[in-house]
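Note sheet for the following structure.
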Amino acid sequence: GQNIDQPTEMTATEGAIVQINCTYQTSGFNGLFWYQQHAGEAPTFLSYNVLDGLEEKGRFSSFLSRSKGYSYLLLKELQMKDSASYLCAVRDRWSGGYNKLIFGAGTRLAVHP
Amino acid sequence: EAGVTQFPSHSVIEKGQTVTLRCDPISGHDNLYWYRRVMGKEIKFLLHFVKESKQDESGMPNNRFLAERTGGTYSTLKVQPAELEDSGVYFCASSQGVAGATEQFFGPGTRLTVL
């Protein structure tokens with residue numbers, strides 16, 4: 001079956017660092033995405049990992065271990081505007097195409113002053 | 001560059017009625033996807049168009065749902081007749097490239113409420 005797990009909620013303090021974990025079990029794998037979604041808005045792309053290791057992009061980093069079925073999103077120097085839901089999504093591999101995204105339920109992050 | 005747009009932003013209908021949702025992808029994006037988020041659950045894939053062809057419709061819940069993309073530009077998703085369990089947020093996304101191995105850009109979604 002397809003299963004993606006991430007914590008439901010997290011809280012953190014402005015200026016701190018937070019790590020959001022994601023574990024997955026999918027029938028296929030062709031990359032893992034992290035999206036940010038503010039309430040009532042479109043999910044927006046944060047990062048993409050297809051090979052093991054760390055990808056860094058400004059205050060955001062994402063890590064992938066394919067052998068462990070594990071990823072994390074690291075947010076540094078937290079700002080109030082980082083309060084949002086963070087969605088972990090695996091791109092499935094299907095004989096007819098490689099594009100279907102399988103989403104976790106999302107992690108709601110609340111950043112406090 | 002304009003992003004993915006969806007219309008309407010909200011729709012409230014009664015059980016048994018018909019609703020048509022529209023998605024305009026980013027210009028030049030061959031790949032168009034429909035996803036749905038039911039209250040409290042994760043976003044789930046419905047189907048994928050490459051240009052005007054349905055590449056993968058494995059996520060369509062039943063034959064009450066009909067998606068079209070005539071001309072390979074905008075897409076519509078019709079629910080007929082709507083049932084209570086169809087309530088949720090319907091997202092559209094698009095991406096470049098024939099193989100589609102790139103990020104998907106999402107629209108803001110249409111919130112559908114079936115009473």
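Convention: sequence-line order gives letters A, B, ...; per-chain numbering from 1. Note that these values count all heavy atoms, side chains included, but never hydrogens, waters or copies made by symmetry.
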Query raised in the report: Got more than 12 heavy atoms from elsewhere within 6.0 Å of NZ, A:Lys68?
Result: no

Query raised in the report: When heavy-atom pairs shorter than 4.5 Å are enumerated against chain A, which of B:Gly109, B:Ala93, B:Ser9, B:Pro108 gives the highest number?
Result: B:Pro108

Query - Spatial distance of atom CD1 (A:Ile4) from atom CD (B:Glu42) [nearest 0.5 Å] - result: 8.5 Å

Query - Residues, nucleotides or ligands: over 12 heavy atoms within 6.0 Å of A:Phe29 CZ - result: yes

Query raised in the report: Is B:Tyr35 reaching over with its side chain to a backbone N or O of A:Phe103, donor-acceptor style, under 3.5 angstrom?
Result: no

Report summary line: Okay, A:Leu87 and chain B: the region with an atom under 4.5 Å from a heavy atom over there is side chain

Query - Nearest heavy-atom neighbours spanning A:Glu41 and B:Phe91 - result: O-CE2, 4.3 Å

Requested in this report: Return yes when atom NZ of B:Lys15 has more than 12 non-hydrogen atoms of other residues, nucleotides or ligands closer than 6.0 Å, and no otherwise.
Outcome: no

**Report entry** A:Met80, CE atom: more than 12 neighbouring heavy atoms under 6.0 Å
**Finding:** yes

Report summary line: NZ of A:Lys100 to CG of B:Leu46, rounded to nearest 0.5 Å, is 11.0 Å

Query raised in the report: If you count the non-hydrogen atoms of other residues, nucleotides and ligands that lie under 6.0 Å from CD in A:Glu77, is the total more than 12?
Result: no

**Report entry** A:Tyr35 versus B:Glu103, closest heavy-atom pair with distance
**Finding:** OH-C, 4.3 Å

**Report entry** Top contributor to chain B interface from A:Pro43, A:Gly31, A:Ala105 [non-hydrogen pairs under 4.5 Å]
**Finding:** A:Pro43

Query raised in the report: Is the count of non-hydrogen atoms from other residues, nucleotides or ligands lying under 6.0 Å from A:Tyr70 atom OH greater than 12?
Result: yes

**Report entry** Shortest non-hydrogen contact between A:Ala42 and B:Gly107, atoms and distance
**Finding:** CB-O, 3.1 Å

Query raised in the report: For B:Arg37, is it the side chain, the backbone, both, or neither that has a heavy atom closer than 4.5 Å to a heavy atom of chain A?
Result: side chain

Query raised in the report: Do B:Val79 and B:Leu115 share a hydrophobic cluster (ILVMFWY, side-chain heavy atoms under 4.5 Å, transitive)?
Result: no

